[in-house]
Amino acid sequence: MPDRSLSSKLFNAAKEVIPGGVNSPVRAFRNVQGDPFFVQRARGCRIWDVDGNEMIDYVGTWGPAILGHAPTAVIDAVTQAAKEGVSFGIPNRHEVEMARMIRDYVPSVEKVRMVNSGTEATMSAIRLARGFTGRDKIVKFEGCYHGHVDSLLVAAGSGALTFGQPDSAGVPADFAKLTITVPFNRPELIEEVFAAQGHEIAALILEPIPANAGLIFPKPGFLQLLRDLTSKHGVVLIFDEVMTGFRLAKGGVQELTGITPDLTAMGKVIGGGLPVGAFGGKAEIMDQLAPLGPVYQAGTLSGNPLALAAGLAQLREMERHDGWNRLDQIGLTFENAVRDTLRELGRDLILNRIGSMFCLFFREGVIDNVDDVKQCDFEAFRKFFWAALDRGVYFAPSQYEAGFISLAHGEGDLAKTAEVTCEALKIALA
Ligand code: KE4
């Protein structure tokens, strides 16, 4: 059992001045019923906590660390940019380079606006869709997470297909009423919503491959159905690719599937680990934004030169090293090792993997939406998480989170991960 005494001391100090001791809830390890470790430093696919324990990292700061931590190209780019100034609030060339790169990578994007988080990206896209259509209602799917936006922190309402109920204190019921939540992968239910209310809906927003309820694959035809329904009813289709964008492919899920939304929310990878978000899409819609149009949206640090220098350097490194293909190869090696282990143990747990994203669900059968995830064996997951962490492998501290592989995960790292995963599964499933 690794010594984590310094982490414990820091966590106790943190709890005195930060709510729950963390600046984002998932970091508190509540889902695995333990105290978080405090990180000291990270490099490549490895992280070290303040007690000196070394771990192979499969969280990758929740997605941005696609090259691994502190890649030289990103460090050099940020250092160079910082020498010229860390923030301007004035148009700068990094913004033009990044906007052009996003336009060239992402099929739906003709114009793009930079913001500072994924939440800002989805919040702004929703407001823009409402301004463009003149309509108020939005549709989201249960189990999809789009950041802490009031109108998107909504669970299924009592009459699930009529209106939502707040999923957080502080969200007025009247806000939630404008959000319709529907179970994912249920074509008949989404068709029912559009038949009844299509003309009142401003936007439908989804993670095209939901990765905030583990990792869930859309059923064949489901994304195309959403594209057809939204086109038919004049509804803005928004893909939230904050996690999948620039990771599963240069152009995200919309490149892989050939299904092009009207707007896309982006983030994480394009900031190289620094605070960033972006939303983009058809010029006809984007030009409704101030200062051109009536939809107001702004940000002091939007287009920050350091964040964009980091993101540009990261994307260029991915280009230079054929990163997306290599990530898929590394992901396949990882997947095969885990499947071999499951076969040895005679357990048919569900392992979903696409590219460098994965989730091992502690249940057998099928995972179509978050209701299926809720049936997982969370106690077995908790045991697995801690057994792996104690042996030097850090998986996401929640069954509802996806795992992330980086270009820095080498054969030795994967071999150690396979060995640890086998031991941890034996403990969890005993
Ligand atoms: P941020 O506001 O946290 O930058 O992005 C919100 C967001 C939007 N859309 C999707 C698809 C997302 O996954 C996220 C944030 N992802 C979580 C991980 N599940 C961030 C981790 C956290 O909340 O601390």
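If you read the sequence from its start, that first residue is 1, and numbering goes on from there. All ligand and atom numbering here is 1-based and tracks the order in the structure. Being a predicted model, the structure only gives us computed values, none of them experimental.
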Between the side chains of [Y] and [X], is the shortest nitrogen-to-carboxylate-oxygen separation below 4.0 Å, so that they form an ion pair?
X: Glu110; Y: Lys282; value: no
X: Glu95; Y: Arg93; value: no
X: Arg46; Y: Glu54; value: yes
X: Arg41; Y: Asp49; value: no
X: Lys9; Y: Asp51; value: no
X: Glu97; Y: Arg100; value: no

Numbering the atoms of ligand 1 from 1, which are under 4.0 Å from a heavy atom of [X]?
X: Glu207; result: 11 (C)
X: Thr119; result: 1 (P), 2 (O), 5 (O), 6 (C)
X: Ser117; result: 2 (O), 4 (O)
X: Gly147; result: 6 (C), 7 (C), 8 (C)
X: Met243; result: 13 (O), 19 (N)
X: Val26; result: 22 (C), 24 (O)

At what distance is the nearest protein heavy atom to [atom], and which residue and atom is it?
atom: atom 1 (P) of ligand 1; value: Gly118 N, 3.6 Å
atom: atom 24 (O) of ligand 1; value: Ser24 OG, 2.6 Å
atom: atom 21 (C) of ligand 1; value: Trp62 CG, 3.7 Å

Fill in the blank from the handout: Looking at Lys268, Glu401, His148, the heavy atom closest to atom 15 (C) of ligand 1 belongs to Lys268
Exercise for the section: Please test Tyr105 against Glu319 for side-chain hydrogen bond (donor to acceptor under 3.5 Å, both in side chains), starting from the C-alpha separation and ending with a verdict. Expected result: CA-CA 11 Å; Tyr105 274 28; Glu319 288 264 7; 2.8 Å; yes
Practice task
Considering only protein heavy atoms, determine whether one is less than 4.0 Å from atom 3 (O) of ligand 1.
Solution key: no
Exercise for the section: Please confirm whether Asn212 comes within less than 3.5 Å of ligand 1 when only nitrogen or oxygen atoms on both sides are compared. Expected result: yes
Exercise for the section: Would you check the N or O atoms of Asp240, main chain and side chain alike, for any that come under 3.5 Å of an N or O of ligand 1? Expected result: yes
Exercise for the section: Take the angle between the ring planes of Phe358 and Phe334 and call it parallel below 30°, perpendicular above 60°, tilted in between. Expected result: tilted
